[in-house]
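All chains are named by letter (A, B, ...) in the order of the sequence lines, taking the proteins before the strands, and each is independently numbered beginning at 1.
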There are 2 protein chains.
Amino acid sequence: MDGNAQKVIGKETGSARPPAHELIYRKLREQILFGEIAPGQPVTIQGLTERLEAGMTPVREAIRRLIAEGALDFQGNRRVIVPLLTAENIAEIIYARQWLESDLGARATQRATPADLADLTRLDAALDQAISRGDLQAYLEYNYRFHARIYQMADAPILASMAEGLWLRFGPSLRVVCGRLGTQNLPDLHKDLLAAMRAGDAEAAARACQQDMLQGMEQVRGVLTPNAVSD
Amino acid sequence: MDGNAQKVIGKETGSARPPAHELIYRKLREQILFGEIAPGQPVTIQGLTERLEAGMTPVREAIRRLIAEGALDFQGNRRVIVPLLTAENIAEIIYARQWLESDLGARATQRATPADLADLTRLDAALDQAISRGDLQAYLEYNYRFHARIYQMADAPILASMAEGLWLRFGPSLRVVCGRLGTQNLPDLHKDLLAAMRAGDAEAAARACQQDMLQGMEQVRGVLTPNAVSD
DNA sequence: CAGTCGCAAATTTGATCATATTCTAGGGTC
DNA sequence: GACCCTAGAATATGATCAAATTTGCGACTG
């Protein structure tokens, strides 16, 4: 297991070659996560093969994987769409994220290295810039990467995968919400969170994570809840 | 666009024939869940194609799906195994199941119909019989089906999928633990849970779910934790 | 006479298989 | 002990089959 003193590399064409289905998965995942594919929109295999210029098998595997993660929904007879969130779904996600985010935030704080904090600070600065220039796409991306970095720091693979799975579920709707509300009144409790992390206060970090999550999810709930549906 | 009011089904010959990859998935999932495939054991595609007498593509899709759910582990270089739980993994699962099981148990209690309670009572009786006759395989199966039925009653698809995903992670190890400890001193708090459900006491049901889960997971932790490792 | 409903053909899409290619691993040789 | 060679397994492609949705045509009804 540890005998990687020297690895024989005959050809240095590229020592790290991710498989095709992995690349397709990542690309499709990002397109779902950042709202390039809208909720309710059907996802077809043959459409993806032409769109991503890939073979059929890797596309199938990527779709199957995303269905298992909840990012796509298998509509009974062979039809696959990006799921639409109901009010009940949102309540479930909020409940789950309350526990997940607070624990992951606390664990990340306890394990944070200076390099971790520097990364988070950099991501948060990029996020602020995206907000100030009204770049929705960049905002969504940096916001996700900020939180994903925290999950990575927490060193809890199972909890992290659960949290990332939830992101895949509400990501598309988040795009819809932000597209409707604009980027002006986006809550940014990341400053509090970063301060708590720098101070090593795990409890305060957990509270900040929870509050940040709650504010975001309440906005989603407000827009998607059928109180005043127009179309 | 929205004219899908009723769906005309001409023939009910097979009502709904599940695709092959779905069948393979279910079969492989059960084999993992009930410990027919031990943790650490490699899972090969070609081995599955012969073992389950299926094509290569459906097997690939089923494996990919189970990897996404955490039931299988992709070992970097094309190797797939049933994952071994570490002590940290177990701690994460316990934390997640504490709030998942209690909430699902409470929701199930609030929504329980007489038919639901009859099903649970029947499953619990079958479970008792399996214990008394020392049938490990049947115990694992009925225990899972008992809890899965509760998840179904809770009417919370996202939380339920998270809970089922955790079952896939500790299922194989549960088999190992029970195989080593026997079925004598298995905790059975299902009676308390059923009583609380019949009384409509959601809070008591939540506590019972949590306690039942904790006792089971502590046994897993006790056996798998490397305090006194023999082999 | 026009509009609508229903049946059926056609197209689109998903599922499966056989096969070629590539990469990893293990054993043999220098 | 290190390097190469072979074998086996996984990855990826394209073709083919089956199913479902859509659409177009015709008949019936108001």
Side-chain angles (χ1 to χ4, degrees), chain A residues 1-28 37 40-68 71-82, chain B residues 1-28 37 40-68 71-82:
Chain A
M1 293 296 191
D2 52 355
N4 53 359
Q6 62 227 35
K7 180 169 269 186
V8 178
I9 301 175
K11 304 178 179 180
E12 62 271 31
T13 53
S15 58
R17 288 140 293 189
H21 63 83
E22 184 73 25
L23 295 176
I24 303 293
Y25 165 76
R26 290 183 199 166
K27 196 168 285 188
L28 188 53
I37 305 177
Q41 185 172 334
V43 174
T44 69
I45 293 177
Q46 299 189 356
L48 268 297
T49 56
E50 297 174 2
R51 205 174 204 81
L52 301 179
E53 294 185 357
M56 186 179 298
T57 309
V59 170
R60 282 184 71 85
E61 308 215 3
I63 289 179
R64 210 59 70 188
R65 198 168 153 188
L66 288 163
I67 289 175
L72 294 175
D73 194 38
F74 187 77
Q75 294 278 88
N77 20 341
R78 301 170 158 201
R79 200 92 345 149
V80 174
I81 66 168
V82 179
Chain B
M1 298 293 185
D2 51 355
N4 52 0
Q6 65 242 23
K7 178 172 282 185
V8 178
I9 299 176
K11 301 195 171 188
E12 291 286 332
T13 53
S15 67
R17 194 171 57 91
H21 62 82
E22 183 73 25
L23 294 176
I24 303 292
Y25 165 76
R26 290 182 199 166
K27 195 167 286 188
L28 188 53
I37 306 177
Q41 184 171 335
V43 174
T44 69
I45 292 178
Q46 297 192 350
L48 268 297
T49 57
E50 297 172 4
R51 189 188 182 79
L52 301 178
E53 294 185 358
M56 185 179 298
T57 309
V59 170
R60 280 181 70 84
E61 308 215 3
I63 290 179
R64 209 60 73 186
R65 199 168 153 187
L66 288 163
I67 290 174
L72 293 175
D73 195 38
F74 186 78
Q75 296 277 89
N77 41 356
R78 300 176 161 196
R79 279 290 137 90
V80 175
I81 66 167
V82 179

Task: B/Glu50 CD to D/dA9 C1', straight-line distance once rounded to whole Å - done: 11 Å

Task: Integer-rounded Å distance: D/dA10 C1' and B/Leu48 CG - done: 13 Å

Open item on the list: I'd like to check A/Gln75 versus A/Val80 (side-chain heavy atoms, cut-off strictly below 4.5 Å). Are they in contact?
Closed with: no

Open item on the list: Tell me whether A/Glu61 is salt-bridged to A/Arg65, with the criterion being a basic N under 4.0 Å from an acidic carboxylate O.
Closed with: no

Open item on the list: Can you build the contact string for nucleotides 15-20 of chain C? Use B for base contact, S for sugar-phosphate-only contact, and - for no protein heavy atom under 4.0 Å.
Closed with: BBB---

Task: For the student: nearest non-hydrogen atoms of A/Gln46 and A/Thr49, plus distance - done: O-OG1, 2.6 Å

- [ ] Determine the minimum heavy-atom distance between A/Ile45 and A/Val59, stating which atoms define it.
- [x] O-CG1, 3.9 Å

Open item on the list: Please give me the minimum heavy-atom distance between A/Ile24 and A/Pro58, naming the atom from each residue.
Closed with: CG1-CB, 4.1 Å

- [ ] Grab the CD-C1' distance between B/Gln75 and C/dT24 for me, whole Å please.
- [x] 14 Å

Task: Closest contact, heavy atoms only, A/Pro42 versus A/Ile81 - done: CA-CG2, 3.8 Å

Open item on the list: What is the distance, to the nearest angstrom, from the CZ atom on A/Arg79 to the P atom on D/dT21?
Closed with: 6 Å

Task: Interatomic distance, A/Ile67 CD1 vs C/dG14 P [rounded to whole Å] - done: 10 Å

